[in-house]
Amino acid sequence: RSLEGKLRIGLAEQSVLVSLSHAIALSDPRTKLSEDKCGTALDEAVRTVKQVYSELPTYDEIVPALLKHGVKALPDHCKLRPGIPLKPMLAHPTKSLTEVLNRFENMAFTCEFKYDGERAQIHLLESGDVKIYSRNSEDLSVKYPDIMQRLPKIIGPGVTSFVMDSEAVAWDREQKCILPFQVLSGRKRKDVAAEDVKVQVCVFGFDLLYLNGETLTHKSLVERRVLLHTNFNHVEGEFAFAKHMDGSSVEQIQTFLEESVTGNCEGLMVKTLEQEASYEPSKRSRNWLKLKKDYLDGVGDSLDLVVVGGFTGKGKRTGWYGGYLLACYDPDREEYQTICKIGTGFSEEALAQQAEQFKELIADGPKSYYQYGDSPNVRPDVWFEPKIVRLVL
DNA sequence: AGTGCCTGCCC
DNA sequence: ATTCTGC
DNA sequence: GCAGAATGGGCAGGCACT
């Protein structure tokens, strides 16, 4: 976990990469360590290692190559290749169409439907093996034998290897429509046989990162998209290209957004097409924008809820509440029904201040007219008197 | 076999 | 996922 | 602007215990 940078102790991936680069550079006689150039040489080593890691994020490959060939020659030995998942590019959230237009002013861009499913990075190796990886590079291959099976009819002639970025979405084969994420998450994950898959999925491809031995991440999205469309086939209910629209007027985008929502999608992804349009897994990772329907003004609902309990905080939040249990009053049954927990959106100052405020309201236990479940995660560490009402957006 | 609890993933 | 904070 | 670390709902899976 240390090496994977998942310990949550302030030592995460970037720190590990810096340390590794420095260690190798300093112990390698090939690195010239003159007084004035030392810092520059180290920075250069870090840049190289990070760049290589973004294409081939596996220490099993990078460390041996570093030890054998040194930092300089690392890019010649470690390149993007099917079978090793790369960190998928992520998108910046935006709250309005204006924000999107400001950001992409004077640039060619495209809008795509944002499908409500699971990120799926599909790899075809030269050996013929197929691998499917999740957003966090987990191996989902055993979860999707149905996708594996249908792959031959999706890939075009002459395709011997590729890495595709896509979204796997639950699909209703009778109604021929997209189903919510909740349905998809009901799929089995292990020991799945293609024959007894209950929740059907349709794959929506939206990017191509590698094709027939060639890395495409440095090409622009326009180029990658052409390659995607010319080398793969649409297959009804099984594989489709993410729906896109290149228009840039407010009206066109507005209409497209509404269309996406009608089609059971979450909203739009907006991406540059030509300039700054390469696929950058780690460097400029938030190069795309997402425009979700529930971010938009007036679309989301708000509720007045009563704070009935608090959960003791961990880590940075040790010493006050890390989250709260909220309830809604039902006048018919004369009781407070717990609804949800809330744990983000508080600055540290607000958390400290709130802890003071709730100190006065600590109750011995749950009120008789509190209605809550059995599960321990709805049993707060501290119960409160029902005094504080909060507007929840 | 059934239940409850916990973990580790998705979002 | 969302959100805040330190750099 | 980015990386890191808090936190959410909900699901399948797996373990322990009945």
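Numbered from 1 within each chain, the chains take letters A, B, ... in sequence-line order. Note: hydrogens, waters and symmetry copies are ignored here, and every other heavy atom, side chains too, is used.
By the rule that hydrophobic residues join a cluster once side-chain heavy atoms approach within less than 4.5 Å of another member, M269(A) and L101(A) end up as members of separate clusters.
Contact check of residues 181-202 of chain A against DNA chain B (heavy atom, cut-off under 4.0 Å) returns F181(A), R189(A). Annotation: proximity of residues 261-272 of chain A to DNA chain B (heavy atom, distance under 4.0 Å) is found for no residue.
Rounding to the nearest 0.5 Å places CG of L56(A) at 11.5 Å from CD of Q51(A). With rounding to the nearest 0.5 Å, the separation of CZ in R81(A) from NZ in K79(A) is 12.0 Å. To the nearest 0.5 Å, atoms CZ (R225(A)) and CZ (F206(A)) are separated by 13.0 Å. Of the inter-residue distances, the one linking T160(A) atom OG1 with L124(A) atom CG reads 7.5 Å to the nearest 0.5 angstrom.
Straight-line distance from the CD atom of E13(A) to the C1' atom of dC2(D): 13 Å, rounded to whole Å. Rounded to whole Å, the distance from CD on E118(A) to P on dA12(D) is 13 Å.
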For nucleotides 4-7 of chain C, list the nitrogen or oxygen atoms of the protein found under 3.5 Å from its nitrogen or oxygen atoms, one pair per line.
unit_1 : atom_1 : unit_2  : atom_2 : d
dC4(C) : OP1    : G345(A) : O      : 3.4
dT5(C) : OP1    : E348(A) : N      : 3.1

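Ring centroid separation for the pair F256(A) and F113(A) comes in under the 6.0 Å cut-off. In this structure, the ring of W320(A) has its center no less than 6.0 angstrom from the ring center of F358(A).
Taking the six-membered ring where the residue is Trp, F162(A) and F232(A) present perpendicular rings, their angle passing 60° and hence far from 30°.
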query: Hey, mind stepping through E360(A) and K387(A) against salt bridge (Lys or Arg N to Asp or Glu O under 4.0 Å) and telling me if it holds?
result: CA-CA 10 Å; E360(A) 313 294 320; K387(A) 288 267 165 57; over 6 Å; no
